[in-house]
*Asks:* 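Before I ask anything, here is the structure I am working with.
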Amino acid sequence: MTDPWGARHEFVAGQRRRPGTFWPGRPMTGFVADDFGLGHVVLVVPDLAQADAFYADLLGFTLSDRVDEEHMKVRFYHCNGRHHSLAVAEVPGKVGLNHLMLEVKSLDDVGTGLDLAKAAAVPVLRGIGRHTNDLMTSFYMLTPSSFQIEYGHGGMVVDDVTWVAATNDRPSLWGHELTEVGRETAPGILADVASVMA
Ligand SMILES: [Fe+2]
């Protein structure tokens with residue numbers, strides 16, 4: 001199935017898995033995944049209302065909360081306990097993929113990951129910081145494919161029985177400062193809506 005701007009989504013059920021068989025590629029404690037899924041993805045969309053109609057009304061995601069800033073409007077959605085598995089950021093006339101978040105089991109894994117990124121000259125686009133809504137401590141780096149990876153720890157788990165969707169006026173409590181390379185880099189893989197709808 002494709003979303004209103006042509007991004008393809010695959011739906012599966014009953015996927016086979018063997019818990020306890022994962023060996024990390026470097027010394028670390030591993031990923032927060034299992035029933036929470038891979039992590040979260042942040043898509044760029046030209047229209048938040050149209051995105052909400054597709055992801056919430058049709059697919060069934062639940063709104064977690066919003067960030068409304070003068071130059072950035074983002075809606076966060078969950079489909080399990082993870083605070084958000086999906087977020088959509090509005091950029092008029094654009095569609096694309098901003099970042100994929102991977103959550104690790106310890107803050108030390110984030111710190112050693114940052115050291116490794118710097119040692120390998122992987123561009124770090126936002127320095128370490130903590131998000132306002134899911135309280136994730138993370139940093140952002142550039143992949144060779146030009147979307148970003150957010151690498152973090154300590155994301156919040158929400159309970160639909162008690163959760164109330166709030167609106168935040170900023171994305172981070174502290175940090176996540178754009179680096180010099182971050183200021184010069186496009187925010188993910190972006191295309192003009194007109195070009196993908198043609
Ligand atoms: Fe994120």
Side-chain angles (χ1 to χ4, degrees), residues 3 7 9 28 30-45 48 51-52 54-56 59 61-69 71-91 94-107 109-111 113-114 116-117 122-158 163 165-179 181-183 185-190:
D3 71 14
H9 300 272
M28 62 180 291
F31 295 94
V32 178
D34 298 309
D35 289 343
F36 288 161
L38 177 66
H40 71 230
V41 64
V42 177
L43 303 176
V44 172
V45 299
L48 287 182
D52 190 78
F54 181 79
Y55 289 107
L59 296 190
F61 282 78
T62 300
L63 182 70
S64 305
D65 46 30
R66 319 160 187 88
V67 168
D68 279 354
E69 282 186 313
H71 299 293
M72 186 170 69
K73 295 197 188 315
V74 190
R75 298 290 178 267
F76 299 82
Y77 296 90
H78 59 275
C79 57
N80 52 43
R82 190 190 294 282
H83 175 278
H84 58 281
S85 293
L86 168 75
V88 289
E90 188 174 71
V91 180
K94 298 286 185 186
V95 60
L97 170 61
N98 171 252
H99 74 262
L100 169 70
M101 187 285 298
L102 300 173
E103 183 175 5
V104 290
K105 290 182 177 172
S106 90
L107 186 59
D109 291 339
V110 178
L114 181 56
L116 283 168
V122 171
V124 173
L125 306 178
R126 285 186 182 275
I128 201 152
R130 195 170 193 207
H131 279 303
T132 315
N133 56 2
D134 67 352
L135 302 179
M136 180 88 68
T137 302
S138 61
F139 71 97
Y140 292 73
M141 55 190 146
L142 186 64
T143 68
S145 309
S146 81
F147 69 90
Q148 303 174 13
I149 294 277
E150 177 186 7
Y151 201 64
H153 168 68
M156 181 191 284
V157 173
V158 301
W163 185 255
T167 301
N168 294 298
D169 60 5
R170 58 198 175 119
S172 302
L173 293 169
W174 53 266
H176 287 146
E177 200 171 340
L178 266 179
T179 61
V181 62
R183 279 192 289 274
T185 305
I189 300 173
L190 295 184

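Residue numbers start at 1 and run along the sequence shown. Ligands are counted one by one from 1 in listed order, and the atoms in each one are counted from 1 as well. Basis for what follows: all heavy atoms, side chains included, without hydrogens, waters or symmetry-related copies. None of the values given here were measured: they were computed from a predicted structure.
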*Asks:* For Tyr77, which residues count as a ring pair (Phe, Tyr, Trp, His ring centres under 6.0 Å) partner, sequence neighbours excluded?
*Replies:* none
*Asks:* If I compare all heavy atoms of Met28 with all of Val104, which pair ends up nearest, and what's the gap?
*Replies:* CE-CG1, 3.4 Å
*Asks:* For His176, check ring pair (Phe, Tyr, Trp, His ring centres under 6.0 Å) against everything at least two apart and list the hits.
*Replies:* His131, Tyr140
*Asks:* Under the criterion side-chain contact (heavy atoms from CB on, under 4.5 Å), which of His99, His78, His83 is the partner of His40?
*Replies:* His99
*Asks:* Do the ring planes of His84 and Phe76 sit parallel (below 30°), tilted (30 to 60°) or perpendicular (above 60°)?
*Replies:* perpendicular
*Asks:* What residues form a salt bridge (charged side-chain N to carboxylate O under 4.0 Å, His left out) with Asp34, not counting sequence neighbours?
*Replies:* none
*Asks:* Under 2.8 Å from the Fe ion (ligand 1), which protein N/O/S atoms are there?
*Replies:* His40 NE2, His99 NE2, Glu150 OE1
